[in-house]
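For reference, the structure discussed in these notes is given below.
These figures come from a predicted structure and were not determined experimentally.
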Amino acid sequence: MLPTVPELLIERLNAQYGAALADEIVAGFVRRPVTLRVNTLKSDMAAVCAVLDKAGIAYEPVPWYADALILRGVREEAVQALPEYEAGCMYLQSLSSMMPPLVVAPQKNESILDMAAAPGGKTTQMAALSANTALITACEKNKIRAERLQFNLDRQGAKRVSVMCQDARQLSDLFKFDKVLLDAPCTGAGTILIAEGEPERRMTPDWVAKTASTQKAMLKKALTLLSAGHEMVYSTCSILREENEDVL
């Protein structure tokens with residue numbers, strides 16, 4: 001396996017998935033095609049496709065999500081240069097990150113908590129999926145990230161979203177929500193790019209354990225905030241059992 005993948009991650013993948021599947025996973029740590037989500041609060045698929053056609057950007061549909069496109073032969077900068085992107089008609093977002101909001105499936109007048117919302121991709125997606133009819137509370141404890149979250153909400157035209165610059169673990173238990181999305185902070189073990197070399201932060205057993213501890217605390221808090229008989233979604237960008245199955 002390539003040396004740019006953290007040694008600990010290779011060890012964990014081999015132990016959890018077996019050598020053959022671990023090799024396949026590591027082979028997937030490459031730069032993926034650019035993907036975007038059409039922001040149906042401001043535009044529609046036909047209009048966005050027309051913009052891409054005019055710009056000479058090739059694209060293809062995503063079978064399981066009618067509002068998503070896979071772009072070919074371009075990087076993010078080509079999309080960011082489009083006036084329609086600046087206007088919020090589309091949002092650059094990985095396909096995997098589009099999945100949790102689809103599972104949440106926000107409905108009209110449902111109260112929904114997004115526990116770790118910045119930079120806002122999933123928050124704005126839930127607003128769009130509900131056509132701005134769900135009541136969304138978006139938590140982000142870091143002030144700068146919370147400001148970026150609010151910027152993206154404004155640009156995407158996401159209404160009925162309240163941003164709370166607060167650690168979601170500190171929310172009062174008096175709050176109750178119909179649905180909770182906990183896209184938990186994680187090691188990002190599923191998003192490594194080999195081309196970028198060794199990750200800046202070394203993956204260590206202590207870091208993995210500390211991250212899992214935070215995830216468990218947030219999950220326990222989420223369950224106290226979720227109304228009885230309702231649903232929450234837990235997701236991470238990690239493929240380690242310690243941050244997913246073991247936490248659950």
R37 side chain to T124 side chain, donor-acceptor N/O pair below 3.5 angstrom: yes
Is there a donor in the side chain of D178 and an acceptor in the side chain of S227, or the other way round, less than 3.5 Å apart? no
Does a salt bridge link K42 with E84, judged by any charged N lying under 4.0 Å from a carboxylate O? no
side-chain contact (heavy atoms from CB on, under 4.5 Å) between Q170 and D167, worked out: CA-CA 6 Å; Q170 305 304 318; D167 188 330; 4.0 Å; yes
side-chain contact (heavy atoms from CB on, under 4.5 Å) assessment of M98 paired with D67: CA-CA 10 Å; M98 297 181 198; D67 294 334; over 6 Å; no
State, to 0.1 Å, how close N39 and G88 come at their nearest heavy-atom pair, and which atoms those are. ND2-O, 2.7 Å
T35 (side chain) donor-acceptor with Q93 (main chain) under 3.5 angstrom: yes
Whether E76 side chain and V34 backbone form a donor-acceptor pair below 3.5 Å: no
d(Q215 CD, L248 CG) to nearest 0.5 Å is 9.5 Å
Counting C-beta onward and ignoring hydrogens, is there a side-chain heavy-atom pair between L69 and C49 closer than 4.5 Å? yes
Check: K221 main-chain N/O paired with R169 side-chain donor or acceptor under 3.5 Å: no
So, do C89 and D44 sit near enough that their side-chain heavy atoms are less than 4.5 Å apart? no
Criterion side chain to side chain donor-acceptor pair (under 3.5 Å) on T214 and T211, from CA distance to verdict: CA-CA 5 Å; T214 298; T211 302; over 6 Å; no
Can a donor-acceptor pair be found, under 3.5 Å and without considering hydrogens, that links the side chain of N244 to the backbone of L240? yes
Should the heavy atoms of other residues, nucleotides or ligands under 6.0 Å from NZ of K176 be counted, would the total exceed 12? yes
Does CD1 in I144 sit with more than 12 non-hydrogen atoms of other residues, nucleotides or ligands closer than 6.0 Å? no
State whether the side chain of E60 and the backbone N or O of L71 hold a donor-acceptor pair below 3.5 Å, judged by distance alone. no
With a 4.5 Å heavy-atom cut-off, do L9 and L13 have their side chains touching? yes
Audit row: V62, L95, side-chain contact (heavy atoms from CB on, under 4.5 Å) steps and yes/no: CA-CA 9 Å; V62 176; L95 294 182; 3.8 Å; yes
Compare every heavy atom of L113 with every heavy atom of C139, then report the nearest pair and how far apart it is. SG-CD1, 4.0 Å
If you link ILVMFWY side chains whenever their heavy atoms are less than 4.5 Å apart, which other residues fall into the same cluster as Y91? By chain and number, please. none
Side chain to side chain, E86 and L82, heavy atoms closer than 4.5 Å: no
Which residue in the set H230, M232, Q107 passes side-chain contact (heavy atoms from CB on, under 4.5 Å) when paired with K179? Q107
How close do Y85 and V79 get, counting heavy atoms only, and between which atoms? CB-O, 3.2 Å
State whether R148 and E140 are salt-bridged, where the test is any N-O pair (Lys NZ or Arg NE/NH1/NH2 against Asp/Glu carboxylate O) under 4.0 Å. no
Derivation and outcome, side-chain contact (heavy atoms from CB on, under 4.5 Å), residues I25 and L21: CA-CA 6 Å; I25 292 171; L21 183 53; 4.2 Å; yes
Minimum heavy-atom distance L225-A168, with the two atoms named: CD1-O, 4.5 Å
Looking only at heavy atoms, what is the nearest atom pair of M203 and A189, with distance? CE-CB, 4.0 Å
Rounding to 0.5 Å, atoms CZ (R155) and CG (L41) come to a distance of 14.0 Å
For the atom pair CG (D114) and CG (L181), what is the distance rounded to the nearest 0.5 Å? 4.5 Å
Can you check whether R241's main-chain N or O pairs, donor with acceptor, with Q16's side chain at less than 3.5 Å? yes
Backbone N/O of P119 and side chain of N152: donor-acceptor pair under 3.5 Å: yes
Determine yes or no for a side-chain-to-main-chain donor-acceptor pair under 3.5 angstrom, with N132 supplying the side chain and G157 the backbone. yes
Let me see the working for Q156 and Q125 under side chain to side chain donor-acceptor pair (under 3.5 Å), right down to the final yes or no. CA-CA 9 Å; Q156 297 284 299; Q125 185 182 355; over 6 Å; no
Would you indicate whether the side-chain heavy atoms of L8 and P205 approach each other to under 4.5 Å? yes
Does the side chain of V233 come within less than 4.5 Å of P100's, by heavy atoms? yes
Report yes or no: does S130 contribute a side-chain atom to a donor-acceptor pair with the main-chain N or O of M126 at less than 3.5 Å? yes
Taking salt bridge (Lys or Arg N to Asp or Glu O under 4.0 Å) as the definition, give me every residue that meets it alongside D183, ordered by chain and number, with sequence neighbours left out. K122
Nearest-0.5 Å distance, CZ of residue R75 to CD of residue Q80: 10.5 Å
Within-4.5 Å side-chain heavy-atom neighbours: L135 and I112: no
Restricting to non-hydrogen atoms, name the atom on A146 and the atom on C165 that form the minimum distance, rounded to 0.1 Å. CB-SG, 4.1 Å
If we count only N and O atoms by modelled type, under 3.5 Å, do the side chains of N109 and R160 hold a donor and an acceptor together? yes
Is there side-chain contact between F151 and D154, with at least one heavy-atom pair below 4.5 Å? no
